[in-house]
Every structure is written in structure tokens, then in C-alpha cells.
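Okay, so here's the structure we're looking at.
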Amino acid sequence: MMSVPGLPAEERCLVMGVVNVTPDSFSDGGLWFDEEAAVRHGLELAEQGADLVDVGGESTRPGAARVSLEEELARVVPVIRRLSAAGVVVSVDTMRAEVAQAAVEAGASLVNDVSGGLADPDMPRVVAASGVPYVVMHWRGHSHDMDKRAVYSDVVAEVREELAKRVAMVLAEGVSERQVVLDPGLGFAKTAEHNWALLAGLDKLRELGFPLLIGASRKRFLGRLLAGPDGQPRPFSQSDAATAAVTALAAHAGAWCVRVHEVPANADAVRVAAAWKRAQVAP
Ligand code: PMM
């Protein structure tokens, strides 16, 4: 079982709450953009039952442009320092090695790299030296044009194969097997059909032998599923119940962690899944 410094090894799926310190993230852009609001929100997520809080300073919503290194550092480092000082277990959502390094120095316990080491060639080496867990997400390129890369003939097999290649690369750079967490990257160069296929195929991804993190929360494919009779997608802010349903199913399918914007229902959902599983294995 993967262990994160500061977290007890749990017999249930972990809940990662999200704090996007950005003006433009898909579902909560602008809400926690100033330092005080971001820290307050992180503390609130922890109180609501988040096992860890993921702090990010760069939006990855489809079409998003990149922010500068200086801007990203200024957004995330003070928030990470204050949340870790308050005893919250923090992860940093970044594709940049310098940001990962500064975040770990400020107290972050995990590096969440949506590019899986592809965006910044220094990232695996920095993560290897830090020794913290490393989320390697499936990624095919930056957000500004990722939708055009959503082309697969067998999405589960191809994501699995591409993740296996990422793992081989980060291990070759010195990252230890014990640090690696994998993520299929729902919505990143994936259509709704691809996302559902990956969720239904989690057992195939688990065969790679690493813990899995799943980020379905408030993504477009849930809004589309819940479209009204007029065909209009449900607004992301009204897809939290669907997110919790995905959490219960993903946790039951063996996910190690779910990344979510609204914590309470998801914290309940992982407990439901754990009780269900315990009852299945009990004599
Ligand atoms: N999704 C987003 C951002 N970071 N990290 C991981 N590991 N997995 C994800 O699916 C993921 C992520 C985009 O979501 P947001 O901008 O709505 O928070």
C-alpha cells in the first residue's frame, strides 16, 4: 500500500480535495484565487474529511493557456506553506519541476503531475530526490489543443500502454516504484466515451501494479450525461452527486484516491465502498 507522509495507511480509498488557485479553472476558477480564500478553503476541505488537499496554480481546462513559472510559484507556494503549517497533508498540482521542488520545501507531501513527466524533463529527477509520492497522469499534450488528440482505437489498452511507458521513463530517471501513483487522466485528450471506458476498465489499469488516482469531479462528461430534455449539459456545479456516484464505484473497483471539488459526499462514498468491500471478503 502506498504511504503518504502524514497519512495513516487506510483500508479505504483516500479523498483528495481540490484548491485551484487560478482565475480560470473549469469548475471553480476564480473562487479561491486570493491567498486567504485559498487557505480558508483548504482548511475547510480538510475539516470536511479530505485526507489531502491538492493545490494547483495553473488551469488545465480544455483550451487553457499556460501561466508563467513566477506566477505559478506566487500562487501556490504561500498557500502550501500555510496549509502544511496548519497540519493539512498537501499535494501540489504542477507540471513544473521548479514548482514541485518549491512546493515540497514548503511542506507538500505529494507531487501531482498531470503531464506524467512529459511537460518538464527535470520533473522525474526532482521528484526522485524528494522521495514523495508522484502521480503520473496519462497525458498527450498541453490543454490548448488536447481535444484533437482524443483519438484511440482501444482507449483502455492504449492508455495502459502509454502509462507503462511513462512509468519506465520515470523509473529510469531515479523515481522509486514505491513513489508511483497512476491516473488515467479523465478528460485529458479523452471524449466522454473514452472516460467511461477507462472507468469501466480500471481493473485493466490496476494490473500495472500501482495505486490509481481518479479525477472525475465536475468534468464535462458528467454534465453531458446529466443533460436535460433540451440537450443542454447540466452545469458542473450540479454534478456533485454524480461525482460521488463515480467515487463509490471507483473506490469499489480499487481506486487508491479520488480527486474531488466537494468533499462531504465523496468522504461518505468512500466509506460506503469500504464497508461493501469488507462485507464481501468477510466469512
Ligand atoms: N484533473 C484536473 C486537474 N488536475 N490531476 C489529476 N491527477 N487527475 C485529474 O484528473 C486532474 C488533475 C482538472 O480538473 P479541475 O481543473 O476541474 O480541478
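Note that ligands are numbered from 1 as they come in the structure, with each ligand's atoms numbered from 1 the same way. No experiment lies behind these values; they were computed from the predicted model shown.
A donor-acceptor pair is defined here as one N or O able to donate and one able to accept, closer than 3.5 Å; no such pair exists between the side chain of Arg82 and the backbone of Val39.
In this structure, Phe236 falls outside the shell of residues with a heavy atom less than 4.0 angstrom from ligand 1. Put simply, no part of Arg218 is less than 4.0 Å from ligand 1, judged by heavy atoms.
Every atom of ligand 1 is numbered from 1 in the order shown, and the set under 4.0 Å from a heavy atom of Val135 is 7 (N). Annotation for ligand 1: atoms under 4.0 Å from non-hydrogen atoms of Asn20 are 15 (P), 16 (O), 18 (O). Taking every heavy atom of Val114 and a limit of under 4.0 angstrom, the matching atoms of ligand 1 come to 4 (N), 5 (N), 12 (C). For ligand 1, the atoms closer than 4.0 angstrom to any heavy atom of Thr60 are 2 (C), 3 (C), 13 (C). In the vicinity of Met137, heavy-atom distances shorter than 4.0 Å reach the ligand 1 atoms 6 (C), 8 (N), 9 (C). For ligand 1, the atoms closer than 4.0 angstrom to any heavy atom of Gly215 are 10 (O).
Remark: the Thr22 side chain and the Asn20 side chain contain no N/O donor-acceptor pair separated by less than 3.5 Å. The closest side-chain donor-acceptor pair between Thr94 and Glu58, if any, does not fall under 3.5 angstrom. Side-chain contact of Asn112 with Ser91: a donor-acceptor pair under 3.5 Å is absent, judged by distance alone.
Of the candidates Arg259, Met16, Lys190, Lys219, Lys219 brings a heavy atom nearest to atom 10 (O) of ligand 1.
By the 3.5 Å distance cut-off applied to N or O atoms, His261 is counted among the residues near ligand 1.
Contacts between Asp54 and ligand 1 below 4.0 angstrom, taking non-hydrogen atoms only, are absent altogether.
Applying side chain to side chain donor-acceptor pair (under 3.5 Å) to His138 and the options Arg160, Lys190, Arg166 leaves one that passes, Lys190.
Checked for salt-bridge contact, Asp147 and Arg220 meet the test: a charged N lies under 4.0 Å from a carboxylate O.
A single hydrophobic cluster is seen to contain both Ile80 and Leu43, as judged by linkage of ILVMFWY side chains at heavy-atom distances under 4.5 Å, directly or through other members.
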